[in-house]
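Model, not experiment: these values are computed from the prediction. Every chain is numbered from 1 and lettered A, B, ... according to where its sequence line falls, protein lines coming before strand lines.
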Amino acid sequence: MIRSKINELLSLESSLDKALVKGWVRTRRDSKSFSFIELNDGSCLKNLQIIAADTIENYEQIKTLSTGSSISVIGRMLESPGKSQKWELHATSIDIIGLATEIYPLQKKRHTDEFLRTMAHLRPRTNKYGATFRIRSELSFAIHQFFREKGFRYVHTPIITGSDCEGAGELFHVTAFDLGDIPKNAGSIDFSMDFFGKEANLTVSGQLSAEMFALALGDVYTFGPTFRAENSNTRRHAAEFWMVEPEMAFCDLDENMNLAEDFIKSLTSHILNQCSEDMELFAQFVDKGLMSRLENTLSGEFIRISYEDAVAIINQSGHEFEYELSFGKALQAEHERFLTEKHFDKPVIVYNYPKEISPFYMRLNDNDRTVAGMDVLLPTIGEIIGGSQREERMDILISRMEELGLNKQDYWWYIDSRRFGSVPHSGFGLGFERMMMFLTGISNIRDVIPFPRTPKSIDF
RNA sequence: UCCCCAGUAGCUCAGUCGGUAGAGCAGAUGGCUGUUAACCAUCGAGUCCGCGGUUCGAGUCCGUGCUGGGGAGCCA
C-alpha cells in the first residue's frame, strides 16, 4: 500500500476507505474509549488527527505514545465532527516505528529560538522551523524557475579557489597538509608541497568565474554556498551562507537594476502564492508587520537614487546620526535604515558609488569619480543585493588593479576575457538567507539555515 | 574585535535589605472527558554557568573566565 502524505489527505474532496500515513506524534490526548493522536509528517504545517479506538489490539501500547514518536497508521479518512479540522483518520491499525522517550526535549509548547538552536538536529520538527525550511526549499526552486524562464543558464562555479583572488574579507584556507607538520621554506609555508601546489581557499564569491560564462553563454547565474572567515557576531552574518549571482552579457547598470527589482518581487510573490499556509504562521506569530511590508515591496517601483543624492538626503534630513557622511564615505547601517524605513519607506537602490570605496571590477563612470555599482536596500534587512556593471575595458581594468595594489598575475585569466571580444556586462549577488529573513520576518540568520556556522559554533 | 545585557528544575521565568530555593509548563501516577496548547488531583525533580575573593553566612556583593543574546564594524 502506498503511503499518503498528510497534505494530500487534508485536501481530499470526499472520504476515503483506506489510507496509509507515516509520521511523528506531536501530541496525544486520551478520551474514554479512544485516543486522539496529532500526527505530522512534514508535508505541511497542519497535523492529521488520528482516532485510535480501544478496540485496536495494541491499544495499551498506543497509550504510551509520547511526543516525537514515529508511527505508521492505516485507517479510514472521514469527516471530523470536531471544530478544528475537516478530516480525521479512524485507525484500523497502528504500528509503532520508533518511540521517543520522555526526555525528548521538544515539548508541546513554545520554545525560544535560542534554546532550539542548541538542538538544530531536532528543531525542524517544530511548526515554525518546519515552515521555515519548507519555504527555504520553495525559495530555491523559485530562483531556478525565475532564471530559467528568462533564458539564463545555471553555472556551477568552484567552491575551492586559488589564492586570495577576490579580496573580499577573511578566507578559510583549504589544505591537505598535516597541520602538525607543515612544510616550510625559508620560514614561510611552502604551498608548492600542498595538494594544489599553491595556496587554496574556500570561495567568497562566484562572480569572477560567472563572468567568464556570461561572456560565453550570455545570461548565467550561480547559486551555491559561500564562505567568509570574518569574525562577525551579528544576527545577519554567517560564516557559510548561500548566494545567488546572476551575470549578464550586453547588460548595463540600468538593466541590472531592473533585473534585481524584478527578481526580488518575483520571489516575494512566488512565496506568498505557493506557501500561504506557512506564511500565515510567520504573519501571526513571528512578525505582525510582515504582510504589509511584503505588499509594500510588491506595489509600485523601488526608489532609485545615486549615492550622491543619498548623501544629500541624509545630510539635509535634520536627523541625528552617529556617523558623519560625506562623499567618499560608505553608507552606515543607520543611514541605510533611515532611507528604507523612514525617508522612503520602500526598497531603495543606491547606485554610482565613489570609486575609492569600490572594488576594482566595477565599471568606472565618465566622471572618473564614481563607478557603476549598486546596492539594493530592504527595510529591516539592509543590504540584500550588491552589484555592478563590470569594467570591460582592459586598460582601465588594469590601471584600477594597479591603483588598488592587486597582483595582476593572479588575475591573468580574468584580464584575458577583456582581451578577446570584451563586451559590457553586469551582475549582482543576492544573499539567500537575507532573502529568507525578509520573507519570513525571522530576525536571526541562524534560524533560516539548517545548521548555521558562526564564530565558535559548528556543533552540528 | 568593541560596547551593553543575561546565565536559577527538562523548558520559560520569579527570588525583596546578603540569612541557605519557588511558580507555570513538561514528566510520572490516578481521575474525567469528541478532545484539540484539553482539564482536575498527587508526586518526583536543583553543581543557582565555572573559578577565586569579601563575609559568621553569597543565587544575591566584588574580580575573572566561559556561554548565549542585542548593538556596532565588515558585508550578502
Side-chain angles (χ1 to χ4, degrees), chain A residues 26-39 46-53 63-64 66-68 78-85 88 90 100-119 126-127 166-170 203-207 223-245 260 285 321-323 330-334 336-337 357 359 375-378 381-387 428-438 443-449 454-457 459:
Chain A
R26 280 295 174 77
T27 178
R28 192 179 54 79
R29 297 176 290 274
D30 289 328
S31 188
K32 194 171 189 177
S33 57
F34 55 90
S35 191
F36 295 100
I37 300 170
E38 296 277 337
L39 195 72
K46 288 203 177 88
N47 301 323
L48 176 64
Q49 175 162 287
I50 289 161
I51 311 297
K63 281 181 75 169
T64 67
S66 54
T67 304
L78 298 172
E79 279 194 54
S80 172
K83 289 206 167 88
S84 305
Q85 62 280 320
E88 60 190 22
H90 290 249
T101 67
E102 65 277 4
I103 61 167
Y104 181 63
L106 298 178
Q107 300 165 10
K108 32 188 183 182
K109 66 169 226 170
R110 198 189 163 279
H111 287 293
T112 60
D113 295 322
E114 290 82 0
F115 173 68
L116 291 171
R117 249 170 248 156
T118 68
M119 42 194 74
T126 65
N127 286 340
E166 291 90 352
E170 294 294 311
T203 183
V204 294
S205 165
Q207 180 198 320
F223 180 25
T226 305
F227 309 87
R228 304 278 165 90
E230 291 287 350
N231 188 20
S232 296
N233 290 286
T234 81
R235 60 184 181 82
R236 51 186 187 284
H237 288 88
E240 177 182 304
F241 63 98
W242 283 58
M243 196 153 60
V244 185
E245 295 176 285
F285 299 115
F321 292 102
E322 193 181 335
Y323 291 86
L331 296 182
Q332 302 293 317
E334 56 175 347
E336 297 179 352
R337 246 182 286 121
I357 54 169
D375 284 347
V376 180
L377 312 176
L378 291 181
I381 301 294
E383 183 181 348
I384 191 163
I385 280 178
F428 61 79
L430 172 136
F432 181 70
E433 281 75 19
R434 289 191 182 170
M435 191 66 197
M436 279 294 298
M437 293 166 74
F438 179 68
S443 58
N444 195 310
I445 197 168
R446 297 172 182 90
D447 300 331
V448 298
I449 190 162
T454 53
K456 302 278 183 291
S457 169
D459 281 345

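The P atoms of rA58(B) and rC51(B) are separated by 14 Å, rounded to the nearest whole Å. Look at the C1' atom in both rG7(B) and rC17(B): the space between them is 24 Å, to the nearest Å. Comparing the same atom, C1', in rC43(B) and in rG63(B) gives a spacing of 43 Å after rounding to whole Å. Annotation: rG10(B) and rG46(B) have their C1' atoms spaced 12 Å apart (nearest Å).
Across all strands, Ala333(A) comes closer than 4.0 Å only to sugar-phosphate atoms, never to a base (heavy-atom distances). Counting non-hydrogen atoms under 4.0 angstrom, Tyr323(A) reaches the backbone sugars and phosphates but no base. Contacts of Arg28(A) with the nucleic acid, taken as non-hydrogen atoms under 4.0 Å apart, are absent. Looking at heavy-atom distances under 4.0 Å, Thr118(A) makes no contact with the nucleic acid at all. Within 4.0 Å (heavy atoms only), Phe34(A) reaches at least one base atom of the nucleic acid. The residue Glu240(A) sits apart from the nucleic acid: no heavy atom pair falls under 4.0 Å.
Using a 4.0 Å cut-off, no side-chain N or O of Ser31(A) falls inside it from OP1 or OP2 of rU33(B). For Asn444(A), a side-chain nitrogen or oxygen approaches OP1 or OP2 of rG70(B) to under 4.0 Å. Taking 4.0 angstrom as the limit, Arg236(A) places a side-chain polar atom (N or O) nearer than this to OP1 or OP2 of rA72(B). Look at Arg117(A) and you'll find a side-chain N or O under 4.0 angstrom from OP1 or OP2 of rG69(B). Regarding contacts with the backbone of rA72(B), a side-chain N or O of Arg337(A) is found under 4.0 angstrom from either OP1 or OP2. For Gln332(A) and rG73(B), the shortest distance from a side-chain N or O to OP1 or OP2 is below 4.0 Å.
Look at rG27(B): its Watson-Crick or wobble partner, with both distances under 3.5 angstrom, is rC43(B). When both distances must be under 3.5 Å, the Watson-Crick or G-U wobble mate of rC13(B) is rG22(B). Figure legend. rC61(B) is base-paired to rG53(B); pairs are counted as Watson-Crick or G-U wobble with both atom distances under 3.5 Å. Using Watson-Crick or G-U wobble geometry with both donor-acceptor distances under 3.5 Å, rG68(B) finds its partner in rC5(B).
For Glu230(A), the side-chain atoms get nearest to rC74(B) when compared with the rest of rG69(B), rA72(B), rC74(B).
Separating the CD atom of Glu433(A) from the P atom of rA76(B) is a distance of 14 Å, rounded to the nearest angstrom. Look at CZ on Phe36(A): it is 16 Å from P on rC32(B), rounded to the nearest Å. The nearest whole Å value for the distance from the CD1 atom in Ile37(A) to the C1' atom in rG34(B) is 15 Å. Note: NZ (Lys32(A)) to C1' (rA38(B)) measures 17 Å, nearest angstrom. Nucleotide rU35(B) holds its P atom 8 Å from the NZ atom of Lys83(A), rounded to whole Å. The interatomic distance linking Leu331(A) (CG) with rA72(B) (C1') rounds to 16 Å, in whole Å. Rounding to whole angstrom units, CZ of residue Arg29(A) and P of rC40(B) are separated by 15 Å. Look at CD on Glu170(A): it is 18 Å from P on rG73(B), rounded to the nearest Å.
With hydrogens and angles ignored, no donor-acceptor pair closer than 3.5 Å exists between the side chain of Glu322(A) and the base of rG71(B). Taking 3.5 Å as the limit, the base of rC75(B) and the side chain of Ser232(A) contain no donor-acceptor pair of atoms between them.
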Practice task
Kindly determine whether Arg26(A) and Asn127(A) satisfy side chain to side chain contact (heavy atoms under 4.5 Å, CB included), including the steps that lead there.
Solution key: CA-CA 10 Å; Arg26(A) 280 295 174 77; Asn127(A) 286 340; 2.6 Å; yes
Problem - Base-contact (B) and sugar-phosphate-only (S) positions in nucleotides 2-13 of chain B, heavy-atom cut-off under 4.0 Å, - elsewhere - result: --------BBS-
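Taken to the nearest 0.5 Å, the CZ atom of Arg446(A) stands 7.0 Å off from the OG atom of Ser457(A). Put simply, CG on Asp447(A) and CD on Glu433(A) are 12.0 Å apart, with the number rounded to the nearest 0.5 Å. Taken from CG in Leu331(A) to CD in Glu336(A), the straight-line distance is 6.0 Å, to the nearest 0.5 Å. For the atom pair OG1 (Thr118(A)) and CG (Asp113(A)), the distance works out to 11.5 Å, reported to the nearest 0.5 Å.
Under the 3.5 Å distance criterion, with hydrogens and angles disregarded, no donor-acceptor pair is assigned to the side chains of Ser443(A) and Arg235(A).
Phe241(A) qualifies as a stacking partner of the rA76(B) base, centre to centre under 5.5 Å and near-parallel within 30°.
Across Thr67(A) and Leu106(A), no two heavy atoms sit closer than the pair CG2-O, 3.8 Å. The two residues Glu245(A) and Gly429(A) have their closest heavy-atom pair at CG-CA, 3.8 Å.
Both His237(A) and His90(A) lie close to RNA chain B; mapped to their nearest nucleotides by heavy-atom distance, the more 5′-ward contact belongs to His90(A). Of the two residues near RNA chain B, Ala239(A) and Lys456(A), the one whose nearest nucleotide lies more 5' is Lys456(A).
Met435(A) has its side chain out of reach of Val244(A): every pair of non-hydrogen atoms, C-beta onward, lies at least 4.5 Å apart.
Between Glu38(A) and Arg29(A), at least one side-chain nitrogen of the basic residue sits less than 4.0 Å from a carboxylate oxygen of the acidic one, meeting the salt-bridge criterion.
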